[in-house]
Amino acid sequence: MDAEGKKVAERDEKMIQEAYQDLLNGYLSSNHRKKVEIIERAFNFAKQAHAGVRRRSGEPYIMHPIAVAKIASQEIGLGSTSICAALLHDVVEDTDYTVEDIEQHFGPKIAQLVEGLTKISGGIFGDKASLQAENFRKLLLTMSEDIRVVLIKMADRLHNMRTLGSMAPNKRYKIAGETLYIYAPLAHRLGLFAIKTELEDLSFKHEHPDIYREIEAKIRESEARRSAAYSDFAEPIKAKLNELGIKYEAKARLKSVYSIYNKMEKKQLPFEEVYDLYAVRIVFECDDPSKEKGICWSIYSAITDLYQLHPGRTRDWIVTPKANGYQALHLTVMGPEGNWIEVQIRSRRMDEIAEKGFAAHWKYKIGEGEEEPELNAWLKTIKDILDNPEPSAIDFLNTLKLNLFATEIVVFTPSGELVTLPAGATVLDLAFHLHTELGMHCIAGKVNHKLMPLQTELKSGDQVEVLTSKNQMPLPEWENYMVTAKARTRLRKGLRAMRQPVITRGNEKLTRWFAENGIEESNYVLTKLQGIFHVSNRDDLCYQLGADEIALGEFLIKPLRKASDTPKQSTKGLLSKIPLIGKMVSSDNKTQEAETVEPINTKQVYYLHTTEKGPNYTMSTCCHPIPGDAVMGFIDDDGRVQIHSLDCPEAQVLKAGYGSRIVATEWDEVKQEKFVAQVRVEGIDRFGILQELIYLISVHLGIDLRKLDIEASAEVFHADLWVRVSDADVVSDLCRQMKSIDGVTKATRIH
């Protein structure tokens with residue numbers, strides 16, 4: 001090794017040892033049993049296994065497992081077993097060592113965790129399966145074995161997000177989108193609030209770097225004003241609590257950049273009008289959990305003596321904790337400046353659980369065998385979905401989203417049993433939640449002793465009795481009356497079970513008919529048959545045959561024999577299109593040049609432009625992006641790049657489910673093309689204001705107005721305009737100029 005190589009090796013070794021010592025110091029200051037020897041062995045084992053390997057950022061690979069172990073230990077609160085598993089989590093996947101080797105050196109528990117983490121990363125899936133969705137399915141399956149697997153995976157994802165800058169743009173989009181769509185809501189559901197917030201912010205930072213920097217700068221600029229407002233509000237509260245002799249810590253908790261952006265977008269507000277930039281959190285010390293509730297309410301009383309309470313925004317999460325274990329008392333009061341301020345009251349124990357989720361529960365367990373009822377109930381729901389998986393990976397992710405993002409309500413059964421359901425849940429959701437058979441035969445519900453139909457939406461505090469009839473049969477349209485993943489999964493399973501005997505009968509008919517008429521069964525023959533009878537798959541075809549809704553006749557024999565003699569093969573590929581060269585004949589017998597479809601390199605930026613032949617992209621209809629918008633490309637089944645806004649909900653699904661088909665895009669030269677954009681205008685109605693708006697758009701700015709919807713009520717008007725523009729800057733300028741018209745209070749583009 002030359003002198004330079006020696007220098008690099010020494011620098012690397014120093015960096016590795018410092019990072020490991022930092023991990024160890026954090027562990028030693030925790031209240032876990034001190035098992036330093038096994039952690040030391042795991043570190044040395046992983047360091048030797050990854051020797052000579054570097055990450056994309058250039059640092060030694062072992063720095064990643066150390067960082068993951070540090071997050072698991074210091075930010076989630078896990079102990080030595082998890083630290084060892086985190087240090088070893090990539091050894092089986094990336095080196096020649098096996099799970100058996102890990103078990104031999106570190107015992108079955110650590111080996112089981114490492115195997116669970118390896119399962120998530122590895123695996124070969126079918127052509128149509130989404131790698132991300134399958135990985136996520138495996139991740140959830142491991143939760144029922146040991147929740148620590150998913151907590152370590154969270155730590156792994158958080159470190160990957162913190163070091164995402166060194167990845168290629170399309171990889172950044174894929175990982176950021178997947179994180180926002182899957183991992184952030186999962187962190188929220190597990191009560192990992194701090195990690196959920198950071199994952200959201202990091203995803204947003206990589207998807208919208210300019211907007212992120214802009215909001216961050218405005219937060220910095222407003223810091224002095226915010227700090228003064230907090231002092232004015234908090235000082236009288238502190239004086240009161242000191243009088244009561246409560247030992248506490250009060251602090252202002254700033255909204256995250258992502259949640260500020262969400263509020264600005266949802267309410268169409270500028271940054272300056274987001275008044276609830278911070279919430280006040282009061283964390284008090286209390287050694288006796290039985291006294292916590294009393295102290296919470298005495299602090300509540302002290303605050304409401306000082307400030308006016310918002311009556312509709314008090315939330316008691318102490319008596320009925322959220323499903324992720326969260327406990328606190330929230331109230332909203334009017335501050336000195338005339339703005340509503342939220343105050344969160346928690347004990348130190350509640351605060352740790354709020355930040356670290358279920359991992360923190362272990363610290364406060366009384367007995368060894370004590371269970372976590374909320375977590376177990378949720379895991380049971382997840383297991384229910386996994387036992388009956390959706391055929392499509394994207395359907396599977398969407399089904400999971402129903403549970404991950406749900407806001408909760410609490411309802412009661414006639415016997416007084418408390419049931420937590422997502423907001424918007426119906427009588428039918430409750431029926432399936434309680435038991436599949438109840439759901440399958442549900443005819444109505446008694447909500448607060450009043451007879452209501454099965455699609456009735458429930459509210460928190462309702463008492464609900466499910467009414468059934470053995471003559472009732474479930475219907476596919478019941479899905480429209482449900483919001484819970486559990487109910488939908490159980491309904492689909494029940495419908496499939498009911499259909500199966502009919503499908504089997506139809507399948508026998510079809511096979512016999514093929515044999516009698518000398519037709520060879522093939523995918524092409526089945527596709528042709530499905531097309532003739534207008535059904536989407538073989539099961540539907542067999543069901544209709546078995547139920548005698550359709551019949552196989554002689555008119556089918558000739559075309560199907562011909563199809564079976566000359567089976568056609570699809571030449572459609574996804575990322576490896578073969579260019580079509582030469583001539584092809586169109587339906588009017590004129591010869592034309594075949595379009596050459598070039599393979600697209602997803603690792604490079606794809607520049608969007610227009611040539612004589614037209615644009616090299618297609619616009620999605622779900623979000624209507626225009627040049628200048630932050631966009632990404634998705635390679636569709638025809639090998640063309642389809643453009644979506646980065647914020648588009650459909651794009652979030654594509655990033656999470658089809659990462660390999662995402663391509664980073666930039667607007668290049670878009671020749672004189674025009675795009676339709678929608679603008680919403682609001683203001684005070686007066687005579688002639690519409691005429692001024694139209695004059696500004698059509699005459700002064702020369703913009704083509706395609707459609708106008710306007711409605712005036714009392715003294716206020718709302719208008720939606722559709723205009724043809726060349727890019728996003730034109731729309732921004734239009735909105736700015738419209739706001740200068742007397743009476744117009746708001747003009748914003750609607751995506």
Side-chain angles (χ1 to χ4, degrees), residues 19 55-59 63-76 86 89 120-121 132 135-136 139 150-220 253-265 271 277 354-357 397 401 404-405 630-632 645-649 651-657 659 662 664:
R55 297 192 87 204
R56 191 181 283 266
S57 59
E59 67 181 17
M63 294 298 287
H64 169 63
I66 294 171
V68 173
K70 187 180 171 187
I71 294 167
S73 168
Q74 294 171 29
E75 295 182 47
I76 301 178
H89 81 273
I120 297 161
S121 303
Q132 288 80 12
N135 270 344
F136 193 52
L139 172 64
V150 78
L151 295 172
I152 298 165
K153 184 62 186 172
M154 279 292 163
D156 180 42
R157 174 54 57 131
L158 180 58
H159 186 247
N160 283 335
M161 286 301 295
R162 285 173 179 173
T163 56
L164 197 58
S166 55
M167 304 290 274
N170 69 309
K171 277 276 181 69
R172 287 208 300 272
Y173 286 151
K174 168 194 142 354
I175 294 168
E178 187 183 300
T179 300
L180 206 53
Y181 190 76
I182 293 172
Y183 287 92
L186 183 57
H188 175 73
R189 208 63 173 79
L190 290 166
L192 302 169
F193 181 79
I195 287 177
K196 169 243 185 191
T197 305
E198 190 176 348
L199 287 175
E200 284 177 342
D201 265 11
L202 289 169
S203 299
F204 179 61
K205 184 180 182 178
H206 286 289
E207 289 194 337
H208 298 281
D210 296 339
I211 303 172
Y212 185 91
R213 279 194 295 270
E214 191 183 317
I215 294 173
E216 213 176 24
K218 286 182 174 177
I219 289 171
R220 277 197 302 273
R253 189 190 67 79
L254 188 67
K255 261 186 188 291
S256 69
V257 174
Y258 178 69
S259 62
I260 291 170
Y261 169 75
N262 263 350
K263 181 140 195 177
M264 287 165 64
E265 283 293 293
F271 177 86
L277 276 180
E355 296 301 310
K356 292 181 177 175
L397 285 178
K401 287 280 283 185
L404 294 178
F405 267 147
V631 293
M632 58 153 235
S645 292
L646 280 176
D647 283 339
C648 167
Q652 297 291 354
V653 176
L654 295 173
K655 282 183 282 189
I662 300 301

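What you see is a predicted model, and the numbers here were worked out from it, not measured in a lab. Along the sequence shown, residues are numbered consecutively beginning with 1.
Within 6.0 Å of the NZ atom in K171, the count of heavy atoms belonging to other residues, nucleotides or ligands does not exceed 12.
Counting only heavy atoms from C-beta outward, the side chains of I219 and L254 approach each other to under 4.5 Å. With a 4.5 Å cut-off on side-chain heavy atoms, L202 and L164 do not count as touching. Side chains of K205 and V257 form no contact here, defined as non-hydrogen atoms less than 4.5 Å apart. Here the side chains of M264 and I215 are in contact, with some heavy-atom distance below 4.5 Å. Looking at heavy atoms from C-beta onward, T197 lies out of side-chain contact with Y258 at the 4.5 angstrom threshold.
Taken from CG in D647 to CD1 in I211, the straight-line distance is 6.5 Å, to the nearest 0.5 Å. To the nearest 0.5 angstrom, H159 atom NE2 is 6.0 Å from I71 atom CD1. Rounding to the nearest 0.5 Å places CG of N262 at 8.0 Å from OG of S256. Taken to the nearest 0.5 Å, the CE atom of M167 stands 10.5 Å off from the NE2 atom of H206. Remark: K196 NZ to M154 CE distance equals 12.0 Å, nearest 0.5 Å. Of the inter-residue distances, the one linking R157 atom CZ with L186 atom CG reads 11.0 Å to the nearest 0.5 angstrom.
No hydrogens or angles considered: nothing links the side chains of N160 and Y183 as a donor-acceptor pair under 3.5 Å.
Under the 3.5 Å distance criterion, the side-chain polar atoms of S645 are left unmatched by any main-chain donor or acceptor of C648. A donor-acceptor contact shorter than 3.5 Å links the side chain of H89 to the backbone of A86. Side-chain atoms of N170 never come within 3.5 Å of backbone atoms of A664 as a donor-acceptor pair (strictly under, hydrogens ignored).
For the salt bridge (Lys or Arg N to Asp or Glu O under 4.0 Å) with E207, the lone residue among K655, R172, K174 that qualifies is K655.
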* Mind running side-chain contact (heavy atoms from CB on, under 4.5 Å) on H64 and T163 for me, showing each step along the way? => CA-CA 10 Å; H64 169 63; T163 56; 5.9 Å; no
* Audit row: F204, H208, ring pair (Phe, Tyr, Trp, His ring centres under 6.0 Å) steps and yes/no -> CA-CA 6 Å; F204 179 61; H208 298 281; 5.5 Å; yes
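Not counting sequence neighbours, the partners of E75 by the salt bridge (Lys or Arg N to Asp or Glu O under 4.0 Å) test are R162.
In plain terms, the two heavy atoms of A176 and S203 that are nearest each other are O-OG, 3.3 Å. Scanning all heavy atoms of the two residues, the minimum distance from L199 to A187 falls at CD1-CB, 4.4 Å.
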